[in-house]
Protein chains: 2
Amino acid sequence: MRATVKDVAKLAGVSPKTVSNVINGVVFVRPETRERVEQALVELDYVPNMSARGLRNGRSGMIGLALPDLLRPYSAEVTHLVVELAHRRGWGVQIEETAAEPKREFELLSKARAHLVDGLILNPVNLDDSAVMTAGPLPAVVLIGDVDQDMVSQVAIDNVAAARDMTRHLLDQGFRRIAAVGTPEIPSGSSGTGRIGGSTDAPGTAAARLRTQGYREILAEAGIGPDRELEIGLDRWSPEGAAAVVGRYIDSHELPDAFFCFTDTIAVGALSALWTAGVAVPGDCAVAGFDNIGESRYTVPPLTTVDFDRRLFVESALDLLAERMSDKDATPRRVMIPHRIITRASTAR
Amino acid sequence: MRATVKDVAKLAGVSPKTVSNVINGVVFVRPETRERVEQALVELDYVPNMSARGLRNGRSGMIGLALPDLLRPYSAEVTHLVVELAHRRGWGVQIEETAAEPKREFELLSKARAHLVDGLILNPVNLDDSAVMTAGPLPAVVLIGDVDQDMVSQVAIDNVAAARDMTRHLLDQGFRRIAAVGTPEIPSGSSGTGRIGGSTDAPGTAAARLRTQGYREILAEAGIGPDRELEIGLDRWSPEGAAAVVGRYIDSHELPDAFFCFTDTIAVGALSALWTAGVAVPGDCAVAGFDNIGESRYTVPPLTTVDFDRRLFVESALDLLAERMSDKDATPRRVMIPHRIITRASTAR
DNA sequence: TTGAAAGCGCTACCAC
DNA sequence: GTGGTAGCGCTTTCAA
């Protein structure tokens, strides 16, 4: 059986309290006592029982991270950073995926209230049916990504501005017929899902709406009325979906000057579809992405995209979370992370 | 304050034990009693305290997942599957990244012994300095990937055979000068890391060794003596590293007929470097990968690669883990997952 | 500075 | 079928 504080105390000839003091190092312990205790700790190979500590302290030392789709490279980057930066604060990370079933988000909040995690970083699939909008006391939660609310703290980028910037870049390059890939899917009879009205459950719906807005605004300002024929909806932001949809699109429409894809992952699918169709990028048609995932430098051709400091993004989320965890009643804050356009070969003229 | 079983019991007019029985639904409870208790549970919005339950039961309901590099798409796929399939068994998943510092692996084992996780799925960076080789009682651990040991259960693919198969495929396509990208780096003065002798800490070192072995075997069998000039080492299996190394390689060597990249991620970097250098794939030179990550269908051109059933892989790991968790003394088992070559345009003739 | 004892919330054991 | 009680391992009062 594993050693407990009691065993250690007995071996060291002190009380459990003293052992606890040594372990947590908060109050002063006489050096010789400390020495004896530490020897006993090593000798018995003592490992604290986190369940007991958690029960006593009301904190588990873990945070939850919930992302819609763990397969996206973007998710991998966020996860990587959260794990690294949380580790520095002494936090473990429990990970969840929410896109599969909306129920998951509720389960997660439950877990938080069950003291399994002390806080939660949540990238909601869709705020409208997000669990955070439920009445009832929330645990410490920070939203990341693209939502519009003021109930909980949030870190995000300015999606509208970023989409404006990218669209402007494409116009500046001389492109006129600019398609957008990843615009919100309007549930219709043809989708076959049977949903009527209401919001779609496409991942990143809020982002889709905001990026579409920025895209349209710039086209309007340039006097190029937005053309709904150029807005290509996508029910899931994956290369599979994008390749299929873009492939069908170019089969049945005149080739646009450029495709503004709402994520790099979409752009990967678009590049693939264009290559398959024998369309040269950037010769015949330009492609731009969004997020600047690591792979976007290594696509063929390299991808023009929207970049933001992901480390700052995650660090800010953890800062906000720490704030909430130490003071449940702190006013929710919103942190905006700056973005910029990275120009690569895919939109060269 | 949050409601406890005691509060619920009082409200329902029963004892805490009965509440517990209702919650865990193991023994039979009279329907009307059950009804009263359930009403009280809802009314008080009861959420069980997992720390207390964990302390009492000695199990946390969580498993740990430790991967060397969370940024790799391969890691994202494994994580996605582990989260999904563990969820079905009622397990949460705590995630860790081990490549950054070897110390992490020990911390993880510690966490396991601290009852923070009930079991561990571990993809060791390098078995030689892996924590599992340490003396001392191990928690329930299953290794995934490419190691050679029999201390703990393991799920893997036959790397040697897979590399043989891929190399044979390339030979069958008529390629003769076949380069391998990702062979083990021999620490040398030029690496600048200051390491001398011993094993490298490159991720996937064991895989690198085994795949190199299969590659050499087939070349030898074909009477094409392996040529060390064609074995391209890599200190990290990333697109960045691969693009840089392959770029330098083709600048200073005659172009091989084909590049056998030891992961798809490496192949992505290689494709990028070749594109940058104006080398047509598959026209001037073929490229093959390994792992069949989702993106490999959407590279330009699509990638020939080694595929294996990742879901089966992860499910097997969880099966083995469940086995170990229920019986610490079960004999360690090894499960091999079959593989196959997926032929795509990148190695067309 | 250290010891004794209580209690965090839950469930297993033993009565009834 | 249900209730009382003890105890998981830890930390935190309060005393010494």
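Below, chain A is the first sequence line, B the second, and so on; all start at residue 1. Given the structure is predicted, the values throughout are model-derived calculations rather than measurements.
Checked by atom type and distance alone, the side chain of A:His80 never pairs as donor or acceptor with a backbone atom of B:Leu70 at under 3.5 Å.
Of the candidate nucleotides C:dC10, D:dC10, D:dT2, D:dC10 has the atom lying nearest to any side-chain atom of A:Arg53. The side chain of B:Lys17 has C:dA12 as its nearest neighbour among C:dT2, C:dA12, C:dT11. Considering only side-chain atoms of B:Val14, the nucleotide from C:dT2, D:dT2, D:dG3 that sits closest is D:dG3. Distance from the side chain of B:Asn49 is smallest for C:dG9 among the nucleotides C:dG9, C:dT11, D:dT2.
OP1 or OP2 of C:dG9 has not a single side-chain nitrogen or oxygen of B:Thr4 nearer than 4.0 Å. Between B:Asn24 and C:dT11 there is a side-chain polar atom (N or O) within less than 4.0 angstrom of OP1 or OP2. Between A:Thr18 and C:dG3 there is a side-chain polar atom (N or O) within less than 4.0 angstrom of OP1 or OP2.
Closest-nucleotide positions on DNA chain C for B:Arg56 and A:Leu55 were compared, and the one nearer the 5' end corresponds to A:Leu55. For the pair B:Arg36 and A:Met50, both in contact range of DNA chain D, the more 5′-proximal nearest nucleotide belongs to B:Arg36.
In this structure, A:Asn21 atom CG and D:dG9 atom P are separated by 20 Å, rounded to whole Å. Protein atom CZ of A:Arg59 is 19 Å distant from nucleotide atom P of C:dC8, rounded to whole Å. To the nearest angstrom, P of C:dT1 lies 12 Å from CZ of A:Arg34. To the nearest angstrom, C1' of D:dG9 lies 7 Å from OH of A:Tyr46. Separating the NZ atom of A:Lys10 from the C1' atom of C:dA4 is a distance of 16 Å, rounded to the nearest angstrom. Between B:Glu35 atom CD and D:dT2 atom P the separation is 13 Å, expressed in whole Å. The CZ atom of A:Arg113 sits 16 Å away from the C1' atom of C:dG9 (whole-angstrom rounding). Rounded to a whole Å, the CD1 atom of B:Ile23 is 6 Å from the P atom of C:dT11.
The existence of a salt bridge linking B:Glu84 and B:Arg88 is confirmed by a sub-4.0 Å separation between a basic side-chain nitrogen and an acidic carboxylate oxygen. Taking 4.0 Å as the cut-off between side-chain N and carboxylate O, B:Glu43 and B:Arg36 do not count as a salt-bridged pair.
Atom NZ in B:Lys111 sits 11.5 Å away from atom CG in B:Leu109 (nearest 0.5 Å).
In this structure, B:Thr33 reaches the sugar-phosphate backbone alone: every heavy-atom distance under 4.0 Å involves primed, P, OP1 or OP2 atoms, never a base.
Taking the ring centre of B:Phe28 as origin, the terminal cationic atom of B:Arg30 falls outside the region bounded by 6.0 Å and 45° from the ring axis.
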